[in-house]
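Reviewing the structure listed below.
First the proteins, then the strands, lettered A, B, ... as listed; each starts at 1. Just so you know, these numbers use all the heavy atoms, side chains as well, and skip hydrogens, waters and symmetry mates. Keep in mind that this is a model prediction, so the values were computed, not measured.
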2 protein chains.
Amino acid sequence: MLYTVGEMARAVGIPASTLRYYDQEGLLPFVERSRGGMRMFTDKDREALTVIDCLKKSGLSIREIRAFMAMAAEGDASIERRLALFRARRDAVRQQMADLERTLELLEYKCWYYETARQAGSEEAVRRLSEEQVPPERRAARRRLSCGE
Amino acid sequence: MLYTVGEMARAVGIPASTLRYYDQEGLLPFVERSRGGMRMFTDKDREALTVIDCLKKSGLSIREIRAFMAMAAEGDASIERRLALFRARRDAVRQQMADLERTLELLEYKCWYYETARQAGSEEAVRRLSEEQVPPERRAARRRLSCGE
DNA sequence: ATAGACCTTAAAGTATACTTGAAGTCAAGT
DNA sequence: ACTTGACTTCAAGTATACTTTAAGGTCTAT
């Protein structure tokens, strides 16, 4: 099955203009052309685009993704390096999730804070609460907030 | 305790130039000045900066954070709206974490893929593996990759 | 063969969030 | 008083990743 750039754009949920931009930036060296010059994507290309999108979501820049695609084009000789790259991205995403977990805790603390302030009718009342009057699961975030990071 | 912009920058781990930029953009309407015109941050300001950083990490733009700081400056009248904002950010971060979880699964599949390819000496060998030859915990990601999103 | 949808390239424009540089001022120690 | 480091503002520069526009070519159906 072959797809034009617009069809592939719909299939992977990325604008056609972005696919053209990626091609221009050397991220899609594998894409074939029709006799008239139109890009013809295959199902294997769709798979590659999914990987590109995954790498982007992991925090890689266009430049770094290009370097990866160049490795992929080298074939089996670069397996070791590609493995190292995916392990690094895996670890980076785990770190991002841990960071988001801390952000989430602070947001949950703030939700509790404003829920309580709404009931009390003022923020000041919540600020004056002592440690024991704060739900145990909110105390860590509260301390981070008041005692610096 | 009072801090200059450089001291506060070190305390919260944000460049002084960024703090000045935030001030210029209206994110820090609360910061006082010395007689000579220098910014003087308090511990309460540090707390506000931690919240600003948290909102930024949750995906809010400078413009949106400014709107929030304006609400905060309104006082208790905006408690309800601020609660709504924090709930929305909390939900957004939970969604981000769920998305990262999917990204992580694909990265973990790719790690397995290249580990296996390294042992086999070629990618093609791994590609030819049938579903049952793939570890159960990697199958979902593999299917997403080959059958489209 | 012709219409119309969709494609092509190149270049310029946009958005966001800073960062840097220049010229000058402030604050603290000796 | 003077030096030194850190501060001030304003304007311009940077980085990244697209998006848009213009002029024109391709593909498919009728």
I need the single residue from A:Arg142, A:Glu123, A:Arg138 that forms a side-chain hydrogen bond (donor to acceptor under 3.5 Å, both in side chains) with A:Tyr113. Which is it? A:Glu123
Which whole-number value in Å describes the distance from A:Leu19 CG to C:dT9 P? 13 Å
State which of D:dT9, D:dT19, C:dC18 makes the closest approach to the side chain of A:Thr18. D:dT19
What's B:Arg39 touching, base or sugar-phosphate or nothing? Going by heavy atoms closer than 4.0 Å. sugar-phosphate
Closest of D:dT20, C:dC18, C:dC7 to the A:Ser17 side chain is D:dT20
Expected output: side-chain A:Arg89 to main-chain A:Leu55 donor-acceptor under 3.5 Å: no
Gap between atoms CG and P, on B:Asp23 and C:dA17 respectively (whole Å): 17 Å
Between residues 25-33 of chain B and DNA chain D, which residues have a heavy-atom gap below 4.0 Å? B:Arg33
B:Arg87 side chain to A:Cys111 main-chain N or O, any donor-acceptor pair under 3.5 Å? no
Once you round it to whole Å, what is the distance between P of C:dT16 and CZ of B:Arg63? 6 Å
Say whether, by atom type as modelled, one donor and one acceptor occur between the side chain of A:Arg46 and the main chain of B:Ser146 under 3.5 angstrom. yes
Residue whose nearest DNA chain D nucleotide is more 5′ - A:Gly36 or B:Met38: B:Met38
Got a sec: does the CZ of B:Arg81 have more than 12 other heavy atoms crowding it under 6.0 Å? yes
Euclidean distance, atom CE of residue A:Met40 to atom P of C:dT8 [Å, nearest integer]: 10 Å
Spacing of B:Lys56 atom NZ relative to C:dC18 atom P, expressed in whole Å: 4 Å
Do A:Phe68 and A:Phe86 make the cut of ring centroids closer than 6.0 angstrom? yes
Interatomic distance where CD1 belongs to A:Ile52 and P belongs to D:dA17 [whole Å]: 13 Å
Hey, can you pull the residues of residues 89-99 of chain A with a non-hydrogen atom under 4.0 angstrom from DNA chain D? none
What nucleotide among D:dC18, D:dC7, D:dT8 has an atom nearest to a side-chain atom of A:Tyr22? D:dC18
Please report, rounded to the nearest Å, how far the C1' atom of C:dC18 is from the CZ atom of B:Arg20. 13 Å
Between P on C:dT8 and CZ on A:Phe41, what's the gap in Å once rounded to a whole number? 8 Å
Could you tell me whether the side chain of B:Asp99 and the main chain of B:Gln96 form a donor-acceptor pair under 3.5 Å? no
Residue-phosphate contact under 4.0 Å: B:Ser61 side-chain N/O, C:dT16 OP1/OP2: no
Closer to the 5' end of DNA chain C via nearest nucleotide, is it A:Gln24 or A:Glu7? A:Glu7
Please check if the side chain of B:Gln119 supplies one atom and the backbone of B:Thr116 the other of a donor-acceptor pair under 3.5 Å. no
Are B:Glu7 and B:Thr4 close enough that some pair of their side-chain heavy atoms sits under 4.5 Å apart? yes
Indicate yes or no for a side-chain donor-acceptor contact from A:Arg144 to the backbone of A:Arg102 under 3.5 Å, with no hydrogens or angles considered. yes
